[in-house]
Structure formats: C-alpha cells, structure tokens
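We use all heavy atoms of the structure for the numbers below, so side chains are in, but hydrogens, waters and symmetry mates are not. Below, read A as the first sequence line, B as the second, and so on, with proteins coming before strands; counting in each chain starts at 1.
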Amino acid sequence: MKKGDHLFLVDGSAYIFRAYHALPPLTRKSDGLPVGAVSGFCNMLWKLLRNARDTEVGVTPTHFAVIFDYSSKTFRNELYGEYKANRSAPPEDLVPQFGLIREATRAFDVACIEQEGFEADDIIATYCRLACEAGGDTTIISSDKDLMQLVGPTVGMYDPMKDKEIGVDEVIEKFGVRPDKMIELQALTGDSIDNVPGVPGIGPKTAAQLLEEFGDLDTLLAQAETIKQKKRRENLIEHADNARLSRELVRLRDDVDLELPLDALTLSDLNGPKLIGFLKTMQFTTLTKRVADQTEADASAIDAADVKVEWESAHGPDLDPGEGPSKDDVLAAPTEGMAPQALAEKRAAEIRDIAFDHSKYETVGTLERLRAWIAAARDQGHVAFDTETDSLDPMQAKLCGFSLAVEPGYACYVPLCHREGDGDLLGSDSLCAGQIPERDALSALRELLEDPACLKIGQNIKFDMVVMARCDVEGEPIEIVNFDDTMLISYVIEAGRTAGSQGGHGMDPLADRWLGHKPIPYKDVCGTGKNAVTFDRVTMDKATEYAAEDADITLRLWLAMKPRLTADGVVSVYERLERPLVPVIGKMERAGVSVDRQILSRLSGEFGQQAAGIEAEIYEMAGESFNIGSPKQLGDILFGRMGLPGGSKTKTGQWSTSARVLEDLAAEGHPLPRRIVDWRQLTKLKSTYTDALPGYIHPETKRVHTSYQMAATTTGRLSSSEPNLQNIPIRTSEGRKIRTAFIAEPGNVLISADYSQIELRILAHIADIPQLRQAFAEGIDIHAMTASEMFGVPVEGMPGEVRRRAKAINFGIIYGISAFGLANQLGIERSEAGEYIKRYFERFPGIRDYMDATKAFAREHGYVETLFGRRAYYPDIKSSNHSVRSFNERAAINAPIQGSAADIIRRAMIRMDGVLEKAKLNATMLLQVHDELIFELPESQAEAAIPLIRDVMENAAMPAVDMAVPLQVDAQAASNWDEAH
DNA sequence: GGATACAATTA
DNA sequence: CTAATTGTATCCA
C-alpha cells in the first residue's frame, strides 16, 4: 500500500444485524430461505465497489475487506467474565444468513476475514494502523460507536444505510468529544448490551461534560471528590475501578497478529460470472440484471451457483449468544424499517380493511385473456391459485376450472368444462360456450405452475397438486413448483389456538378471523341434498363469483398471515417441517396401497357368520332379542331387566356399557357381557374394515388412496381419513388378519420400518433422566428397568404383571399422568395409583421437574414447543374450571413429546425420497402411521433398502437436534403388511 | 339430513 | 392418563 491508496473495511457482523432489523423480511422465492440481510449486504457491496464515485464517500477503494466476528470468546472475557453476557441468541431466520453473507463476500472476490479470539473491531483497528503507517487512507463501513475511537485525519467512517459519512466533526457533534476521547467516554457510560459496566448515572452528555472539565479519565477519577453533585461524586468514587476496567474493554487492540497482510487486501477485478452465479442462486433478479449490464455478461448463459445453506448448524461463527444486535443497531432500525411484530400487525390490519367486490371478478373465456392474467402473475412474482372440481377427493376429482388472484380484489375464474342441459338424459347436455379448449388452457397454465420464479399460493395446495398431477394432458403430469399454503401457515402460527368451535384452518374460519369476511357458501352455489349439482353444472357467472372469491381470499390470507411466521420466529417450522412435506404426501396419496378384495370378502363372511352366531347366543342368554348395537337398549337389558351391578356412568347419566365395564362383569362370572364384547369386536372389524375398505379401491389404479390431513392435529401429527389407514387393527389375532389384505404387487414387497419407543426416548432426552438415558444407550428393556427401579424387583425373572404395571406408568407419564387415569387403566384403586406415581417421582425427580416446568411455561406463554420449535397453543390452560385446566395441563405435557416425535418422522419422510433415489432404488413410500413408514419396492431391492431407510429414520433429528438418546428403528420386508410389521 | 353420544380401532 | 377417525344409534328439525 502506498500514499493515495484507499482501504475500505466493512464491519460485516454489525451490518448483518442492522440489515436484518432494518429491512423488511425477504425470503427466496423458490424455497422460502430467509435472505433479507444477504440481499441488503449484496446491494451495499455492489454500491461500494461499483458506484463508489457517485456516493458521498467520493473515493474509489484500492484495498477492500469485509471483517466478521469469529466467536464471542475474546481476550475481553478474560478481563471481565460478564462481557457481552447479556446477549441472546440470534433470531432463527437470521441464522442461515450468516454463512450466506460470507459466501456473498467470496462471490464479490473481496477478502473475507475473521480470526479466532478477536472481535471484528480489533482486526479493523489493526488494519487501520497499518494503512496509516503506509500512508494510505481508510474508510470503515459501519456506524458502530465502538469504532469511532479510530476516526482521525486519515480514517473516516461511512454509514451505508443512512448514506452518511462520519468524520471527526460528526463524532464531536454526536458525542461532544473528539474521537480520541471516545474510549474514555464509553468507559464512563458503559454499555448495557455488551455488559460493559461503566459508572451508574452517567450518560453520554454527562460523560462528555466531565471529560471536557477534567481533561481525561485518570484526572477525573483522581479528583472525583471535588465534584459538587452528591450522587455523581459517590458513584464516581465507588465505581472508579469499573470505569478503568471498562476502558480496557472498549479500547480496541491494534496489534492483532493478522493472518492476511494489508497488501493481500488489494482489490482485484470483479469476476462477473462468479458473482452472477451467486446472485442467481439467491434469486436477486434486480441486482443480477444490474451486474450483468455493468460487466457486459450474459446472465442467461450463467448457471446458478451451488451454494450450501446450513439452516441448522447450531454452533460456529456468529451463532453463539455473543452476537446479539448492539444497541446502536436496534435503535437505528425503526427509522428505516419496522420490527417484524409491528410489520405483521400493520399488514394484517391493512388487508382486513380492503372491501370485497364480487362484481369485479372476471370470467376468462379466451386464451388471450388467460395469457394476460398469467403474464400479470409472473410479473408480480406471486399468484393465488385454486382449482374447482366435482369432488372433494383429489383422486376422484375432475377439474372443472381454476381461479387466479394477482392482487386483493383482482381475481378471475377460468371455466374449462362447464356443461348445461339435463344430465339425466344421455347426450342432451353440452359444453357451455365461452370456454377455452381444455388442452390450450392447461398448457398455458402449466407454464405458470411450473415456473419457479412465480410463487403459487394455495389454501390446502396438496389438493390442487394431486388434481393437477392427474391432469396429464400432454402425457406429463402438471407440477406445482414453488408454492405457499395458507392452511399450513395458519397451522404453524396457531395450532390449538383455534380448535373446536372457532374451526381450525379451513378457508371459511380463516376468512372470518383474518379478514372479517364470510365467503359465499358452497351450498348457495351447488345446492344441497338431492338438489345438489356438481360444480361443472353451475352457471359460469355464479361459478366465477364463488371461485374467484376463493383465490382472492387465499391471496389476502397469505398477505395477512405470512409476516406472522417471521414475527413469531417459526419460519423454520414452516419451511423445514411443513412445506417440503406437501409434495411428499401428495405423492404417497397418489401411490395408494394395494388391497386384496378377496381376502377382505372372505374375512367379511367369517366375521359375519361368527357375529350372527354370537348374536343368537346373546338373545338366548338375554331371553329376548334387541338391538345389541344400541348402548341404551343393552344397558336396559343388563342393568335393568337382568339386574347386573352397574359400573360407571356416561356423562349423560346412562349406564356405561364400555368394554371395561363388561369385562369386569365377565370376571365376576356373568357369561353374557363377554359375548357382547366379542360381538362388538367382530361387527367393528366387519363394518369399518372388511366391508368398507373395498369401497375405497380406486376404479383405475385398483389401489386404496387415503387422504392425509397435514393441519388436523394440535401436536403436529398427521391424520388419515377416507379411509383411515392409521388405525388398521393389530392387537387381536382376528383383527390382524385384516393386515394380510394389504399386499405388495407381484414381484414387490412391503417394508415396514418403525421407531422403537420413540416417545419415551424423547422424554429421556428432554427431561434428561440419567437412568432412562443409560437404559436406552445400553438397549435394555425400558419397562422392566422402570419396574425394577420402582418396585426393587430384579429384571431377571420379573413377573409379567409387575412389568405390565410399569409399562402403564411409563405411558401414563407421556400422557401427563393422573391418579384417576392410571387407576382406570390398571383397574386399581385411585389411592394405590397415587402411591405409584409418588414412588415414580421419587425415583425419577427429573420427570416431575419437566412436568412442572412445562406447565409453568404453558401458563406463561399460552403454548408449548417441540424440540424443533413447533408450537402448540393451550389457551384454556388458565381455566378456573379444574377439570378443563387439568386436561389442558396434561395435553401441554404430552404435546412436546408427541409433537417432537411427529417432527422427527416428518424430517425422515422429507429426506427419504432423495436418499432412495440416489441409491437407485425404486422404492415408493406408501403410508405413515405416526411412528411407522410403509414402502413398496421390488423384492430384489429390499435388502439394500432396509439399512438405508433405517439410517434416514434414526438420524432424522440431526443436525437440528443432537439427541442424548439413540433412536432405534426396526424394519422388515414381507409380501403383506401383517408379516412386514 | 344434521348433530350428538358412545363404542370401537390405532400410535 | 395423550393424539386421532369411523360406524351405529338416537334425537331433532
């Protein structure tokens, strides 16, 4: 470096925090990766490097470096252990941006500097000194007051956000002292964010005045007795040592042993293609264009770079609590942007105020108009999309039309195959006029749906995805690439908050809650009962009002709700546990499972015959015939006419005829109740499974396609319906037979892989219970271990009954145990159950601590969290009604355990396809049953697939959560589900 | 036909 | 004692 050269030093870490807080949240279009701070950083670097002459800095750099903090552990912590101890962990959507900003620096071909044991400020100070000695000038890109001590004749500062230079005069204007006195000024004022003590009661104004009066800090402290103000005098005397310590903490070191010499910072020519590759990866279209223009590169010829994003690495540079925003940064933010919470509220309120006007919706009848709408959508970068079909089952549904919304109030409906005429008389109905030929409309639509640069917003978009995938007009299924789902956003921000009467995450309740709007009821459009018609028979005017409104509402909901993800710190739950799962589950639903009709029909016959036999026996014993399926009639017979002793009663005052009660009666020697239980079991198996399942076999695929609900439970579990394949019998030998009807295609096998004791393992991890952790680490029988701890019985030769009780207690713990419930489960007295619980807590005090802590957390915050940050709300946990409150407490204790297990298997499912594909295995994931995954694949590949599947599942928590307990997965292959499990 | 009660099935 | 769905009976409009 020589005279006339100019060094730019960017305070990278400070900039990251400042940009994060000052700029509105921005996420990458294709995958929701948070990139707001990265974008701000890139724009700033570009400006500094290319337009330097135009800015007020007025100079062009010859040397350039971006400097980051490496870790919060520096020599200052040895001086003062509490230094920066107040700082909290950075927000979750900032974490992935730390690494990206370093990548950005490299893409700009600028030195990227961080050094262990030193703060960025010390490195900056050292380069400043070296540049000064070489006769060059320096500009520090920062507005941090900690750096102002370096300002002098050859060193200036520049605030890139306010586009403002800070020189000697500006420092004096702001703080009332010359830059070389900044150290002493800060020594007096201290800094609550960095936890620099200072002297109490002294702020910047007083400090400047004192330094002016006494000249320097040592003189001031030596002559402190002469100060008139009593409090100030006492504080200065009492905290003199703190002031001296603070001076050492704020003084920057300019003697860092640099890894990179000053001359290595010489600015090289910009590598346009490299930078463009990075910017394309980030999808910063405006800046990409600008860089391409300036460097005369052809952006379209450059591929997006392969940038690694580590959302989850919990350790490493920038990530320990040492790096919260400094006070200056936080104060600077509100003038330039808004806090995420305020922004979310403002946005929601603005959207709510926009009125609905159904008359403005357009019916699109020509390809030109459709193209115009699609162009508007692409121009905007996002569009709400909704399909209209003739069925709620996406595997049956035929597409009738679709709607788009580009801005609130601007929406259209594109009818595709609306018909008119009398459908009952063959051939008398015909396609309505004014519709685009379906093929043309769909190929235009494909362009939009498959364009990764345009975000498609749906309400339960999995439905639309399955419908569109089945619309393979050109032989290729239509994909929806790059999407958001308002149902899932709602689920992530308010699971549990809106349960019950308020009505969950469907469009109608969401529109009511967020927009104060009641959508046109479906009944008003299609009628009800036997007058109901399918959507393709609705007149196009009515269809447009209804369908376009749906897209309009979806768009508004997205605008109103999306910012809440950032405000609540749950972006990663949505992006890592919900959104990527949508196509995975869509694929499973489309795959379906093969069910053997013959086996079911044979079983149905068997069950029917047995039930009929038992029915006759029952009438014989009862002395009359009655409706066994009616609990009311049954109760009258048993407890009225036959005079048996009743057990418990139901909440309506009826005698209970539950299996529990009937089994107790059977144990007392009455033969009839036993037969009732048998009859009920058989009729249940027949009606719910063997009779109903064949009706779900799809006419074309010949397979059964369940529907998974992603937003149905409070805890994060999926649910399955139509048919529910998550409650196929397994407990009894009769029931198990039903599983033999779930088969692989000829030449294929089914693999069932299930987690062993996942919830107890999660409990052992969360509550950190040494005995449980050890037992799982050693792979020993967990229920026997519990029994042994509690009852002092050795595991060897333990009676089955003892282990059974311990097992019930272990389950009870996961369910937020109560003496009442445990007594019920084990059929013992409540007092005895209470004794068990007491003894359990004595042996495992950590469990009680976990339960108390969880309840306290839920009461304070109104929600609990899983290991992965998913929230479950329990608004009634403060209820004055004891049973309501207790119920909520138990649910709140259970939710982090059940929910963490649900999160883990979701993670496994999301990763699974990629791993199997990479290993060239043609395995299809078919079903999920909470802790189990079912696959179908060629028999020859089963041996190779099993270890792979186990590996993905066992390591699914990593790297986000490093479990203290290993996860264990058992997997087997067989030709049917019964043998595979 | 729609809502509710009760009993069954699963993890 | 946690989380779900389904089928039948029953009551009500």
Categorize [X] for me: base, sugar-phosphate, or nothing, with a 4.0 angstrom heavy-atom threshold over every strand shown.
X      : result
A:A819 : nothing
A:Y755 : nothing
A:E722 : sugar-phosphate
A:A659 : sugar-phosphate
A:F811 : nothing
A:N627 : sugar-phosphate
A:G529 : nothing
A:I817 : base
A:A901 : nothing
A:T652 : sugar-phosphate
A:Q633 : sugar-phosphate

Excluding sequence neighbours, so at least two apart, what forms ring pair (Phe, Tyr, Trp, His ring centres under 6.0 Å) with [X]?
X      : value
A:F639 : A:W655
A:Y491 : A:H505
A:Y574 : none

Original post:
What residue pairs, at least two apart or across chains, pass salt bridge (Lys or Arg N to Asp or Glu O under 4.0 Å) with a residue in residues 800-823 of chain A?
Top reply: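 Non-adjacent pairs meeting salt bridge (Lys or Arg N to Asp or Glu O under 4.0 Å): A:D781-A:R803, A:E801-A:R804, A:E801-A:R805, A:R805-A:E832.
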**OP:** May I have all residue pairs that pass salt bridge (Lys or Arg N to Asp or Glu O under 4.0 Å) and include part of residues 837-849 of chain A, sequence neighbours excluded?
**Re:**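 Applying salt bridge (Lys or Arg N to Asp or Glu O under 4.0 Å) to every pair that reaches into residues 837-849 of chain A, excluding sequence neighbours, yields A:E789-A:R843.
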Subject >> Approximate separation, where rounding is to 0.5 Å, of A:I738 CD1 and A:L603 CG >> reply: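 Here the rounded value is 6.5 Å.
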Subject >> Gap separating the OH atom of A:Y863 from the CD1 atom of A:I877, nearest 0.5 angstrom >> reply: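 That separation rounds to 13.0 Å.
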Subject >> Bounds of contact between DNA chain C and chain A, in 5' to 3' order, using a heavy-atom cut-off under 4.0 Å >> reply: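 The contact span of chain A on DNA chain C goes from C:dC1 to C:dC11.
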**OP:** Given side chain to side chain contact (heavy atoms under 4.5 Å, CB included), test A:F742 with A:I934 step by step and report yes or no.
**Re:** CA-CA 11 Å; A:F742 289 77; A:I934 312 291; over 6 Å; no
Original post:
Who passes side-chain hydrogen bond (donor to acceptor under 3.5 Å, both in side chains) against A:D754, sequence neighbours left out?
Top reply: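 For A:D754 there are no side-chain hydrogen bond (donor to acceptor under 3.5 Å, both in side chains) partners, ignoring immediate neighbours.
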Original post:
Who are the side-chain hydrogen bond (donor to acceptor under 3.5 Å, both in side chains) partners of A:E617, not counting sequence neighbours?
Top reply: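 Residues passing side-chain hydrogen bond (donor to acceptor under 3.5 Å, both in side chains) with A:E617: A:R675.
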Original post:
Hey, is the main chain of A:R680 close enough, under 3.5 Å, to the side chain of A:T683 for a donor-acceptor pair?
Top reply: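 Yes.
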Original post:
Between residues 726-738 of chain A and DNA chain B, which residues have a heavy-atom gap below 4.0 Å?
Top reply: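 Those residues whose heavy atoms fall under 4.0 Å from DNA chain B, taken from residues 726-738 of chain A in numerical order, are A:Q726, A:N727, A:I728, A:P729, A:I730, A:R731.
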Original post:
Between residues 678-685 of chain A and DNA chain B, which residues have a heavy-atom gap below 4.0 Å?
Top reply: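 By residue number: A:R680, A:Q681, A:K684.
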Subject >> Minimum side-chain heavy-atom gap A:T657-A:I676 below 4.5 Å >> reply: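 They are not in contact (no side-chain heavy atoms under 4.5 Å apart), so the answer is no.
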Original post:
Would A:D978 and A:T740 satisfy side-chain hydrogen bond (donor to acceptor under 3.5 Å, both in side chains), going step by step from the backbone distance to the final call?
Top reply: CA-CA 5 Å; A:D978 182 39; A:T740 63; over 6 Å; no
Subject >> Span of DNA chain B, from the first to the last nucleotide whose atoms fall under 4.0 Å of chain A heavy atoms >> reply: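 Endpoints of the contacted stretch of DNA chain B: B:dA5 to B:dA11.
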Subject >> Contact list for residues 821-845 of chain A, test ring-ring contact (aromatic ring centres under 6.0 Å, His included), sequence neighbours left out >> reply: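 For residues 821-845 of chain A: A:F791-A:Y836, A:Y840-A:F844.
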